[in-house]
Amino acid sequence: MENYQIDNLDKQILHALMDNARIAYAELAKRFAVSAGTIHVRVEKMKQAGIITGTQVSINAKQLGYDVCCFIGINLNNARDYPQTLLHLKELEEVVEAYYTTGNYSIFIKVMTRSIDHLQDVLINKIQAIEAIQSTETLISLQNPISRSVMP
């Protein structure tokens, strides 16, 4: 089911679910003039195709006290160190995203901390303490004016 091609109804369903993942299938059916069964079948097909991978709660990190968002470019001593380094990074709750990249860095991560002091502690005692990491460069985010999902 990997090659499932979405049509306009699927796109409409995805847009509605992205806006409110808790909306009832009956409401979607009424909105799009189809049966609730059709909505259910379409959603299940998109799940099986890996288009819909789950639902999640959106959290405001600042409201939870995470005031510092930064991006850290990581250079590894050797490319073969990537899998082990990734395992170490996964253990750090402050690392919320990680990317294996081309360009200046081997790994690019997003880190959320409560303060600059917390960031300093994470950098020195957690990230830079990983032996395979040769060097890091930290970019502090001042604001996040655009944050959205890919639109179907």
Side-chain angles (χ1 to χ4, degrees), residues 1-25 28 39-152:
M1 182 134 269
E2 284 180 27
N3 294 330
Y4 182 77
Q5 296 294 311
I6 64 173
D7 62 14
N8 284 337
L9 178 57
D10 292 327
K11 286 180 184 180
Q12 291 174 314
I13 293 167
L14 288 172
H15 282 264
L17 291 173
M18 288 169 71
D19 187 47
N20 176 8
R22 297 178 63 173
I23 193 168
Y25 287 176
L28 292 175
I39 299 294
H40 177 76
V41 167
R42 294 294 188 106
V43 169
E44 286 306 310
K45 282 184 179 180
M46 287 188 282
K47 284 180 181 177
Q48 290 172 7
I51 294 166
I52 296 175
T53 58
T55 56
Q56 62 190 36
V57 173
S58 227
I59 294 176
N60 183 328
K62 285 201 180 295
Q63 291 298 106
L64 291 174
Y66 288 86
D67 289 328
V68 179
C69 171
C70 70
F71 299 90
I72 301 174
I74 298 173
N75 290 307
L76 298 175
N77 289 320
N78 195 301
R80 71 174 173 264
D81 294 329
Y82 171 73
Q84 192 63 35
T85 302
L86 192 59
L87 290 176
H88 287 297
L89 293 171
K90 279 184 180 180
E91 292 174 6
L92 307 179
E93 68 181 28
E94 296 89 355
V95 176
V96 295
E97 294 180 27
Y99 301 89
Y100 191 36
T101 61
T102 62
N104 292 333
Y105 309 109
S106 304
I107 304 171
F108 202 69
I109 60 175
K110 180 179 178 182
V111 173
M112 297 295 297
T113 61
R114 295 183 179 280
S115 65
I116 293 295
D117 288 341
H118 183 195
L119 172 59
Q120 181 178 342
D121 177 61
V122 169
L123 265 173
I124 295 170
N125 299 314
K126 294 181 180 181
I127 295 171
Q128 292 171 344
I130 299 170
E131 283 187 38
I133 294 179
Q134 180 183 45
S135 64
T136 62
E137 182 178 359
T138 303
L139 307 164
I140 295 176
S141 172
L142 300 177
Q143 64 177 218
N144 180 202
I146 300 172
S147 179
R148 60 182 170 220
S149 295
V150 171
M151 293 308 270

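Bear in mind that the values here come from a model prediction, so they are computed numbers and not experimental data.
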(Q) Please find the pair of heavy atoms, one from Gly73 and one from Phe108, that lie closest to each other, and give the distance. (A) CA-CD1, 3.7 Å
Q) Is there a donor-acceptor pair under 3.5 Å between the side chain of Arg114 and the backbone N or O of Leu64? A) yes
Q | Verdict with supporting geometry, Ser141 and Phe71, side-chain contact (heavy atoms from CB on, under 4.5 Å) | A | CA-CA 7 Å; Ser141 172; Phe71 299 90; 4.1 Å; yes
Q) Can you check side-chain contact (heavy atoms from CB on, under 4.5 Å) on Leu119 and Ile140, steps first, answer last? A) CA-CA 10 Å; Leu119 172 59; Ile140 295 176; 4.2 Å; yes
Q | Stepwise side-chain contact (heavy atoms from CB on, under 4.5 Å) check, Lys62 with Asp67 | A | CA-CA 5 Å; Lys62 285 201 180 295; Asp67 289 328; 4.2 Å; yes
Q | Short side-chain to backbone donor-acceptor contact, Asp81 and Asn78, under 3.5 Å | A | yes
Q: Could you tell me how the ring of His118 sits relative to the ring of Tyr66: parallel (under 30°), tilted (30 to 60°) or perpendicular (over 60°)?
A: tilted
Q) Any side-chain heavy-atom pair from Leu92 and Ile127 closer than 4.5 angstrom? A) yes
Q | Polar side-chain atom of Asp7 near backbone of Asp10 as donor-acceptor pair, under 3.5 Å | A | yes
Q. So with a 6.0 Å cut-off around CD of Glu131, is the heavy-atom count from everything else above 12?
A. no
(Q) Tell me whether Glu97 at atom CD has more than 12 heavy atoms from other residues, nucleotides or ligands lying less than 6.0 Å away. (A) yes
Q) Any side-chain heavy-atom pair from Ile72 and Glu137 closer than 4.5 angstrom? A) no
(Q) When you measure from the side chain of Asn144 to the backbone of Ile146, do you find a donor-acceptor pair of N or O atoms at a distance under 3.5 Å? (A) yes
Q: Could you walk me through whether Met151 and Met18 pass the side-chain contact (heavy atoms from CB on, under 4.5 Å) test, one step at a time?
A: CA-CA 9 Å; Met151 293 308 270; Met18 288 169 71; 3.9 Å; yes
